[in-house]
Student: 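Quick one: this structure, given as structure tokens, is what I'll be asking you about.
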Amino acid sequence: MKEPKRRFATEAVHAGQEPDPATGAIMTPVYLTSTYVQQGPGQHKGFDYARTVHPTRLALERNLAALEGGRFGLCFSSGMAATSTLIQALESGDHVVAGNDLYGGTYRVFTKVFQRFGLGFSFVDSTDVKSVERALTPKTRLIWIETPSNPMLRITDIRRTAELAHSKGIKLAIDNTFASPALQTPLALGADFVVHSTTKYLGGHSDVVGGCIVTNDEEWHQKLKFLQNAVGAVPGPLDCFLVLRGTKTLPLRMSKHCQNAMAVAEHLLKHPEIAKVHYPGLTQHPGHALARTQMCGFGGMISFELKGDLERAKRMISGTKVFSLAESLGGVESLIGHPASMTHGSIPREERIKYGLVDGLIRLSVGIEDVQDLVEDLDQAIAQSRA
Ligand code: P1T
């Protein structure tokens with residue numbers, strides 16, 4: 001009999017996980033093993049070496065594939081390892097069109113590492129599908145988009161970009177780290193690959209670094225699985241367990257992140273000392289209407305500009321008491337950061353300023369604390385930052 005299709009919150013708790021056949025343990029064991037005993041040469045239970053295949057990792061890969069509505073998941077030792085593995089599936093001479101608002105590390109690995117191996121990259125405003133189209137060349141094999149983007153929270157139309165890509169025989173990868181599959185499932189909108197830093201919302205507790213790729217394309221899955229094993233950037237068993245534990249509460253956490261971020265964004269918007277607020281949940285945001293059509297919540301990330309100079313912005317981000325000054329995002333605790341000197345320091349200043357990532361931009365990862373404490377903390381930090 002065909003199993004009935006289970007809904008997202010049920011899949012989050014159960015997908016990919018069975019009680020341990022040896023003991024009935026309800027939690028997937030952290031199999032601390034590098035190898036498996038074989039009955040005879042090449043005779044084994046489907047597990048031969050832990051870089052190639054690992055039971056705790058397999059459970060996580062199946063769980064993440066289910067959450068993204070994809071057939072195949074692969075896990076990596078970091079978000080950057082997942083990104084790099086997908087790029088390694090291309091050939092020297094191939095060309096990639098990428099959005100111009102990207103995590104600084106992604107920009108860095110594209111321009112400082114893969115460009116050296118003969119791959120070409122063009123960075124365009126992906127919110128304008130025509131700009132993406134203009135940048136395509138006969139060598140373009142992949143379009144790479146973050147939506148919402150880091151740190152400007154820009155929204156790119158996944159459906160239209162997928163149509164454009166497929167009309168030219170090009171693949172579309174969406175870095176879904178900021179939304180998480182609780183809010184947006186790019187494969188259902190036509191994307192070919194979903195990439196994540198599982199370090200963020202999927203893990204959810206700032207205690208692990210990891211990454212994944214999910215796809216429905218079996219041929220590409222085999223190519224990526226080959227690279228996962230051949231290149232070897234795999235996560236350890238405890239890391240997989242932590243992400244697997246994180247995804248169980250993903251829907252609950254995301255709903256609170258969205259609720260708190262909306263309240264913080266509305267508060268900042270009304271604040272007389274704030275010049276600009278970027279949050280896709282605000283009706284003033286240029287991507288708001290589009291976000292409503294492809295997301296079912298606007299996420300926990302906000303960026304904003306304070307009135308005054310860079311020194312004031314620095315004083316403000318050093319003055320919060322509930323928000324911690326730190327890189328990363330997506331954990332239960334609120335973080336505040338300065339993209340120009342922290343997460344996006346590897347993008348040349350003239351490049352980032354061209355597309356709006358100004359020196360004074362401040363980024364918030366709004367956690368699940370009591371929102372009143374978050375608002376009061378921002379207010380006191382803004383007040384004490386006055387010259
Ligand atoms: O840090 P790592 O797990 O390797 O993931 C890289 C990465 C990929 N994609 C996006 C959208 C990201 O935001 C990141 C990592 N970002 C941060 C560390 C940050 O503070 O923005």
Side-chain angles (χ1 to χ4, degrees), residues 60 64 68 74-88 96 98-114 123 126 144-156 158 173-181 183-184 186 191 193-214 231 233-236 239-240 242-243 246 257 278 280 295 299-303 317 323-331 333-347 352 357 361-367:
L60 176 61
L64 295 175
E68 283 291 356
L74 291 170
C75 288
F76 297 90
S77 53
S78 65
M80 289 319 304
T83 298
S84 298
T85 302
L86 186 45
I87 301 298
Q88 282 162 356
V96 179
N100 62 10
D101 189 33
L102 290 181
Y103 169 54
T106 304
Y107 178 89
R108 178 176 57 199
V109 80
F110 287 176
T111 56
K112 296 273 166 56
V113 180
F114 289 112
F123 298 92
S126 62
W144 183 282
I145 307 288
E146 280 180 16
T147 181
S149 62
N150 181 2
M152 300 301 295
L153 285 308
R154 296 205 171 108
I155 306 294
T156 292
I158 299 176
I174 301 290
D175 183 330
N176 203 26
T177 300
F178 267 36
S180 94
L183 305 182
Q184 172 174 279
F193 311 106
V194 174
V195 178
H196 276 281
S197 166
T198 57
T199 315
K200 312 296 174 351
Y201 289 106
L202 292 168
H205 298 77
S206 306
D207 52 9
V208 61
V209 171
C212 76
I213 307 174
V214 179
V231 179
V234 292
D239 294 356
C240 293
L242 288 171
V243 179
H257 283 297
H278 308 283
M295 302 177 76
M301 298 300 295
I302 300 174
S303 57
I317 59 180
F323 281 83
S324 300
L325 176 59
E327 304 215 6
S328 203
L329 59 115
E333 64 289 300
S334 291
L335 302 180
I336 190 164
H338 180 235
S341 67
M342 296 165 71
T343 50
H344 293 70
S346 51
I347 304 177
R352 59 174 171 75
L357 202 177
L361 191 83
I362 295 170
R363 192 187 75 177
L364 301 178
S365 172
V366 180

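For this chain, numbers begin at 1 and follow the sequence in order. Small disclaimer: the values here were computed from a predicted structure and weren't measured. Just the heavy atoms: all of them, side chains too, but no hydrogens, waters or symmetry mates, feed the values below. Counting starts at 1 for both ligands and their atoms, following the listed order.
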Student: Do Ser206 and Glu333 have a side chain donor and acceptor closer than 3.5 Å?
Tutor: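 Yes, side-chain donor-acceptor contact under 3.5 Å.
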
Student: Check ligand 1 for close polar pairs with the protein: N or O on both sides, less than 3.5 Å.
Tutor:
residue	atom	partner	partner atom	Å
ligand 1	3 (O)	Gly79	N	2.9
ligand 1	3 (O)	Ser197	OG	2.8
ligand 1	3 (O)	Thr199	OG1	2.6
ligand 1	4 (O)	Gly79	N	3.1
ligand 1	4 (O)	Met80	N	2.9
ligand 1	5 (O)	Ser197	OG	3.1
ligand 1	9 (N)	Asp175	OD2	2.6
ligand 1	13 (O)	Asn150	ND2	3.0
ligand 1	16 (N)	Lys200	NZ	3.2
ligand 1	20 (O)	Ser328	N	2.8
ligand 1	20 (O)	Arg363	NH2	2.8
ligand 1	21 (O)	Asn150	ND2	2.9
ligand 1	21 (O)	Arg363	NH1	2.8
ligand 1	21 (O)	Arg363	NH2	3.4

Student: Short question: side chain of Asn176, backbone of Gln184 - any donor-acceptor pair under 3.5 Å?
Tutor: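 Looks like yes, one N/O pair under 3.5 Å.
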
Student: Taking only residues two or more places apart in sequence, or in another chain, which ones meet Ser365 in a side-chain contact (heavy atoms from CB on, under 4.5 Å)?
Tutor: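 Result, side-chain contact (heavy atoms from CB on, under 4.5 Å) vs Ser365: Tyr201, Met301, Leu329, Leu335.
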
Student: Is a donor on one side and an acceptor on the other found under 3.5 Å between the side chain of Arg352 and the backbone of Leu357?
Tutor: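 Indeed, once roles are kept as given, a pair shorter than 3.5 Å links the two residues.
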
Student: When you measure from the side chain of Ser303 to the backbone N and O of Pro151, does any donor-acceptor pair fall under 3.5 Å?
Tutor: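 Yes.
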
Student: Is there a donor-acceptor pair closer than 3.5 Å between any side-chain N or O of Thr198 and the backbone N or O of Gly210?
Tutor: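 At least one qualifying donor-acceptor pair exists.
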
